[in-house]
Amino acid sequence: MEPSKAPEQFLKPYNAIEHEDTLYRMWEKSGYFNPDKLPGNRKESFCIIMPPPNANGSLHAGHALFVTLEDIMTRFARMDGKKALWLPGADHAGFETQVVYEKKLEKEGRSRFDMNSEDLYKEILDFTLANKSYMEGQLRALGASCDWSREVFTLDDKVIKTVYDTFKKLSDDKLLYRGSRIVNWCPKHQTSLSNLETTRQNRTDKFYYLKYGPFTIATARPETKFGDKYVVMHPDDARYAEYKDGQQFELEWINGNITATVVKDESIDMSFGSGVMTITPWHDATDFEIAQRHHLPYEQIIDWRGKLLPIAGEFAGMNIKDARGKIIEKLQAKGLVEKIDEAYAHEVPVCYKCEREIEPQIKAQWFVKMKPLAEKALDVVENNHVKILTENHEKIFKHWLGDIQDWNISRQIVWGIPIPAKICDSCNDGFVDIDDTATKCPKCGGAVRKDPDTFDTWFSSGQWPFATLGYPDGQDFKTFYPTTVMETMYDILFFWVARMIMLGIYRTSEIPFKYVYLHGMVRDAKGLKMSKSKGNVINPLDVSKEYGTDALRMGLVVGNTPGTDLNLDPRKIGAYKKFANKLWNIARWVLESCEATGATLTENDTAALKEFRALAAEITADLEGFRFHLASEKIYHYIWHTFADKLIEESKPIFTNGTQADKDSRSSLLIEIFSDSLKLLHPFMPFVTEAIWQSLPWKKDADILMVAPWPRYTDQ
RNA sequence: GCACCCUUAGCUCAGUUGGUUAGAGCGUUCGAUUCACAUUCGAAAGGUCGCAGGUUCGAAUCCUGCAGGGUGCACCA
């Protein structure tokens with residue numbers, strides 16, 4: 001028996017932990033994460049802007065998935081000769097982070113409402129920066145080959161400057177306005193929210209039929225009815241033909257006699273309830289619109305904390321939930337309750353974070369007119385200038401754009417980019433003041449104060465692709481914009497992707513990316529959403545330590561089609577840990593058995609090579625077509641069940657009994673296929689492939705597999 | 001209410017533009033081996049591709065309807 005030619009490390013199983021840190025450091029030190037330092041003369045650029053993870057916690061399985069997918073794309077592009085940039089970032093994540101921090105305060109028995117905003121801001125900043133640097137370490141552990149020298153934070157000066165310029169431009173272009181309109185108010189978080197930040201919940205409540213003069217009105221919220229002085233019905237409703245628009249009548253109501261006025265409006269659904277309703281314009285969007293159409297006054301009934309205001313008389317100061325029953329008792333005593341449906345099923349909007357019911361309120365806020373922006377976005381999607389994977393999501397996207405509403409970008413939280421605007425104390429109007437120099441209202445000359453609000457975090461995130469690349473003059477902007485792919489989870493299609501497309505076109509006249517690849521949610525093995533309360537959270541870093549990062553990556557990518565949720569079973573990851581070890585042993589066997597001779601291949605071996613190359617071409621096409629779930633499975637299957645099970649097994653007798661020509665041919669064949677297989681597998685399993693590559697005596701193409709040329713065969 | 005998706009082996013899912021006996025992983029059964037393999041190899045069982053029609057030489061794949069499951073959006077009092 002000859003002494004082993006394979007390096008000693010191959011005598012024991014592959015132990016991912018021993019290699020990963022060292023390899024990552026080697027890659028980082030090589031400088032090849034930076035496209036400017038890549039070898040060769042690269043013409044075509046490739047760019048992914050990383051969706052900046054929220055710097056308010058540690059990475060979860062979903063982060064591991066996006067890192068895997070984006071790293072696959074980047075590594076493939078880099079090996080394939082592109083000027084490949086994957087630009088990392090971190091997101092201050094305004095409201096999200098503030099909510100996380102408020103929970104932390106609550107645990108400590110503190111509250112943000114007892115703190116001044118400077119102190120609160122400073123604390124959240126420290127918290128965020130600490131998380132940010134922790135997170136960067138985690139991204140490295142997952143193998144992310146992104147260019148750290150270009151890392152951007154959403155609160156960097158250059159980002160804020162870009163955001164301010166956009167705000168100003170929107171104002172100049174009359175796409176921005178300040179208006180007192182119905183907003184989604186969260187009584188817990190004390191801020192307004194965009195429609196996207198609310199979600200609907202099924203509730204079963206009591207439904208009250210109340211006598212309102214000669215009419216019966218139905219409501220689930222009697223506590224809003226104190227100020228209702230207008231009773232509205234459809235102009236075509238025959239039942240109420242005798243009542244004329246503007247007609248007034250006296251009636252007994254919650255706190256005594258009032259005068260009510262009849263209003264006819266076509267928005268009323270004649271088939272719902274009694275076909276008659278009273279309106280509460282301050283606390284209901286439909287009612288607000290009716291009031292506006294008919295120039296009716298409106299009055300606030302519920303305060304910002306969800307308590308009744310003095311208009312409620314004896315109920316003033318009560319929480320609305322507590323007041324409801326008492327109000328009904330009083331109405332019953334007056335004989336004004338006709339009947340009560342005990343189980344009225346309906347949907348109510350709730351805050352997406354605390355699930356408390358949204359209280360619609362009228363508030364002066366900054367709004368962006370979305371229709372003109374949406375039309376252009378729709379246009380680029382229709383004309384395939386942006387391709388959204390999957391088609392399903394493209395349809396959903398178009399549907400949403402077609403019915404878009406104006407976007408409230410004001411938030412009453414401290415953790416965010418301050419809105420560079422002034423508010424007039426006299427006329428209450430607002431105006432943009434980027435340089436913070438205005439002291440008087442341009443309209444009425446009144447004294448002004450700084451707008452205390454901050455931007456919706458998605459307003460700045462929506463400008464991420466061009467803000468990070470140094471729009472308008474930066475070299476990176478010229479080289480890499482429009483970027484190649486935007487890869488993110490489908491749940492932020494509207495929050496983020498849509499806004500990036502709209503604001504990107506608006507600012508740069510170009511789409512910010514050519515492809516949108518949407519991945520699904522990572523669920524647990526049973527298909528349940530991971531959550532701390534269920535205790536089924538899979539921490540990617542733990543998994544990576546137990547099975548190796550490569551195995552985790554394969555578990556996340558094989559069979560995971562775009563846009564579809566993935567059930568992540570640790571047993572699946574275990575299977576790929578075995579595969580890493582299999583590959584390790586294949587390497588050992590090839591190193592021990594094969595000699596690089598450059599011999600001519602036999603007819604038989606030529607056929608085997610041809611078969612492999614055909615598969616390699618398929619894998620390349622799959623990568624180009626974003627079919628990572630197929631590409632990964634194909635190379636896995638080939639290496640294990642063709643290369644190892646067939647080629648190596650049939651080589652054993654050849655090496656023992658074959659002619660010299662057969663042996664040499666086989667040796668060349670195995671070396672050739674094995675080397676190219678490592679390349680094909682590298683984007684998916686970067687660590688083990690690189691570890692093996694570093695031990696190959698015949699690596700001619702490149703010292704580092706990460707920049708080895710992608711196998712493309714012209715003679716096919 | 002409007003819009004969209006899914007239903008394929010015991011389980012989790014692939015199946016790229018319709019094309020020969022529908023695939024993988026895990027699980028199950030049987031056998032071999034420890035001679036690269038903290039094992040591995042070989043083999044087997046298991047599916048009327050939700051249901052009913054239609055288009056086609058040919059449908060898991062395209063069309064229509066139905067059933068079940070899920071998702072997005074919306075101001076129903």
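Note that this is a predicted model, so its numbers are computed, not measured.
Computed from coordinates, the His399(A) NE2 to A3(B) P distance equals 7 Å when rounded to whole Å. The CZ atom of Phe579(A) sits 15 Å away from the C1' atom of A36(B) (whole-angstrom rounding). Protein atom CD of Glu289(A) is 11 Å distant from nucleotide atom P of C76(B), rounded to whole Å. One can place CG of Asp569(A) at 19 Å from P of A24(B), the figure rounded to the nearest angstrom. Going from atom CH2 of Trp640(A) over to atom C1' of C41(B) covers 11 Å, rounded to whole Å. The nearest whole Å value for the distance from the CG atom in Asp565(A) to the P atom in U12(B) is 14 Å. As a whole-Å value, the separation of Ile358(A) CD1 from C75(B) C1' is 14 Å. If you take CZ of Phe674(A) and P of A36(B), they are 16 Å apart, rounded to a whole angstrom.
Nucleotides C75(B) and C62(B) are separated by 40 Å at their C1' atoms, to the nearest Å. For the C1' atom pair drawn from A22(B) and C49(B), the interatomic distance equals 8 Å after rounding to whole Å. Taking atom C1' in both A24(B) and A14(B), the straight-line distance is 7 Å, to the nearest Å. Separation of the C1' atoms belonging to U20(B) and G58(B) is 11 Å when rounded to the nearest angstrom. For the C1' atoms, the distance from C13(B) to C66(B) is 26 Å, rounded to whole Å. For U7(B) and C11(B), the P atoms lie 15 Å apart once the distance is rounded to whole Å. Across C5(B) and G42(B), the matching P atoms stand 41 Å from one another, rounded to whole Å. U29(B) and G46(B) are spaced 16 Å apart, taking the P atom of each and rounding to whole Å.
Counting non-hydrogen atoms under 4.0 angstrom, Asp284(A) reaches nothing in the nucleic acid. Counting any heavy atom pair closer than 4.0 Å across all strands shown, Tyr344(A) reaches sugar-phosphate atoms only and no base atom. Contact annotation for Phe494(A): backbone-only contact, meaning every heavy-atom pair under 4.0 Å involves sugar-phosphate atoms and none involves a base. If you check every strand for non-hydrogen atoms under 4.0 Å, Lys526(A) touches nothing. Among the atoms of the strands shown, none is found under 4.0 Å from any heavy atom of Thr278(A). Within 4.0 Å of Asp622(A), counting heavy atoms only, lies at least one base atom of the nucleic acid. Across all strands, Ile648(A) comes closer than 4.0 Å to base atoms (heavy-atom distances). Residue contacts shown for Asn581(A) are limited to sugar-phosphate atoms, with no base heavy atom under 4.0 Å away. Here Asp645(A) lies in heavy-atom contact (under 4.0 Å) with sugar-phosphate atoms only. Residue Ile268(A) is classed as a base contact, given a heavy-atom separation below 4.0 Å to a base. Base contact: Ala644(A) has a heavy atom under 4.0 Å from a base atom. Nucleic acid contact class of His346(A) (heavy atoms, under 4.0 Å, all strands): sugar-phosphate only. Within the nucleic acid shown, Ile396(A) comes within 4.0 Å of sugar-phosphate atoms alone, with no base atom in reach, counting heavy atoms only. The residue Thr564(A) sits close only to the backbone: its heavy atoms come under 4.0 Å of sugar-phosphate atoms, none of a base.
Pairing partner, G65(B): C51(B), with both Watson-Crick or wobble hydrogen-bond distances short of 3.5 Å. Across the strands present, A59(B) finds no partner; the criterion is a Watson-Crick or G-U wobble pair with both atom distances under 3.5 angstrom. Nucleotide U71(B) has A3(B) as its partner under the Watson-Crick or G-U criteria, with both atom distances under 3.5 Å. Across the strands present, A77(B) finds no partner; the criterion is a Watson-Crick or G-U wobble pair with both atom distances under 3.5 angstrom. Searching all strands for a Watson-Crick or G-U wobble partner of C35(B) with both distances below 3.5 Å returns nothing. For U28(B), the paired nucleotide is A44(B), the pair qualifying as Watson-Crick or G-U wobble because both relevant distances are below 3.5 Å.
In the interface, the side chain of Lys572(A) is not paired with the base of A24(B) through any donor and acceptor atom under 3.5 Å apart. Side-chain N/O atoms of Glu347(A) and base N/O atoms of A74(B) include a donor-acceptor pair closer than 3.5 Å.
Proximity of His629(A) to the phosphate of G15(B): a side-chain N or O atom is located under 4.0 Å from OP1 or OP2. Side-chain N/O atoms of Lys582(A) include one lying less than 4.0 angstrom from OP1 or OP2 on C41(B). OP1 or OP2 of C13(B) lies within a sub-4.0 Å distance of a side-chain N or O belonging to Asn567(A). Applying the 4.0 Å criterion to OP1 and OP2 of U40(B), one finds that Asn585(A) has every side-chain N and O outside that range. A sub-4.0 Å separation between OP1 or OP2 of A14(B) and a side-chain N or O of Thr561(A) is present.
Both the sub-6.0 Å distance and the 45° axial angle are not jointly satisfied by Lys663(A) relative to the ring of Phe655(A). Cation-pi contact between Arg553(A) and Phe684(A): absent, since separation from the ring centre below 6.0 Å together with deviation from the ring axis within 45° is not met.
Each of Arg627(A) and Ala525(A) lies near RNA chain B, and the nucleotide nearest Ala525(A) is the one positioned closer to the 5' end. Each of Phe10(A) and Ala218(A) has a nearest nucleotide on RNA chain B; the 5'-most of these lies closest to Phe10(A).
Counting only heavy atoms from C-beta on, Leu630(A) has its side chain closest to U16(B) among G25(B), U16(B), U40(B). The side chain of Arg200(A) lies closest to C73(B), out of C73(B), G25(B), A36(B). Nearest nucleotide to the Trp400(A) side chain, out of C73(B), A77(B), C26(B): C73(B). Taking only side-chain atoms of Phe272(A), from C-beta outward, the nucleotide of A36(B), A77(B), A74(B) with the closest atom is A77(B).
A side-chain donor-acceptor contact under 3.5 Å links His19(A) and Gln9(A). Neither side chain, Ser194(A) nor Asn408(A), offers a donor N or O lying under 3.5 Å from an acceptor on the other. No side-chain donor-acceptor contact under 3.5 Å links Thr280(A) and His283(A).
By the 4.0 Å N-to-carboxylate-O rule, Lys353(A) lies too far from Glu197(A) to be salt-bridged with it. Ion pairing between Lys577(A) and Asp550(A) fails under the 4.0 Å rule for side-chain N and carboxylate O. Ionic pairing of Glu618(A) and Arg613(A) is not present here: no N-O contact between side-chain nitrogen and carboxylate oxygen is shorter than 4.0 angstrom. For Glu649(A) and Lys652(A), the salt-bridge test passes: some basic side-chain N is under 4.0 Å from an acidic carboxylate O. Electrostatic pairing of Glu624(A) and Arg712(A) counts as a salt bridge here, judged by a charged N lying under 4.0 Å from a carboxylate O.
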